[in-house]
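Working notes, structure below.
As the structure is a computational prediction, the values presented were derived from the model and not from experiment.
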Amino acid sequence: KAGVTQTPRYLIKTRGQQVTLSCSPISGHRSVSWYQQTPGQGLQFLFEYFSETQRNKGNFPGRFSGRQFSNSRSEMNVSTLELGDSALYLCASSHGTDINEKLFFGSGTQLSVL
Amino acid sequence: AQSVSQHNHHVILSEAASLELGCNYSYGGTVNLFWYVQYPGQHLQLLLKYFSGDPLVKGIKGFEAEFIKSKFSFNLRKPSVQWSDTAEYFCAVNGVGSNYQLIWGAGTKLIIKP
């Protein structure tokens, strides 16, 4: 079974640009959640999608948005990039039907904003 | 608001030493508790979880954690560490009723000296 796939692996952007990150979950998983990971801050929850609907949202500004397609693949978009958006963006998938389920993580997209 | 505190950001131990990593959370209700581990160059993966029953939970690779409700703690332990335990360890909490949003600690980087 293929794992969670995130593309691209690395991205370099400049301030003011926008970026789209992609996440393909494990086959059969309907929930995809996104996290921002920065050194010393741990993982900050961005949002979670289940069956194409945003089910949960963290405390990030509206510049951060996402969507999920009918095949459960998800994209995350960040508009008007700021230097502070530099981070590792992780997505995780699960069946999404049991609150105790473990999450399966991808390798992440390392975003650098210059 | 929920929060998770991991007391040590960096821990350095010699092989065969005993390990205890602290995790405290703030949430007034019933919780689900998780420890995830990120080995160098690998994905985040679940180490163990607690959601009900015996407060002493055993996970993979000889790790265990004890949920102490009165102390709002879920400390991770291993009696004898190995060099291969070098990794970053994250504690995460999901308050029952808070949907599928995990709140994460900042992580503890564990280095085992051979």
Q.
Need one label for A:Gln44: side chain, backbone, both or neither, based on atoms under 4.5 Å from any heavy atom in chain B.
A. neither

Q: Side chain from CB out, backbone as N, CA, C, O: work out which of these in A:Leu90 comes under 4.5 Å of a heavy atom of chain B, or both, or neither.
A: side chain

Q. Using 30° and 60° as the class limits, which term best fits the ring planes of A:Phe45 and A:Tyr35: parallel, tilted or perpendicular?
A. perpendicular

Q) Any chance the side chains of A:Ser31 and A:Glu48 put a donor and an acceptor closer than 3.5 Å? A) yes

Q. Picking from B:His7, B:Gln6, B:Glu20, what satisfies side chain to side chain donor-acceptor pair (under 3.5 Å) with B:Asn75?
A.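 Output: one option passes, namely B:Glu20.
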
Q: Please report the shortest heavy-atom distance between B:Ser80 and B:Ala16, naming the atom on each side.
A: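 Of all heavy-atom pairs spanning B:Ser80 and B:Ala16, the closest is OG-CA, 3.2 Å.
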
Q: Identify which part of B:Tyr36 has an atom lying under 4.5 Å from any heavy atom of chain A, answering side chain, backbone, both or neither.
A: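 Contact with chain A is through the side chain of B:Tyr36 alone.
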
**Q.** B:Gln38, part contacting chain A, at a heavy-atom distance under 4.5 Å
**A.** side chain

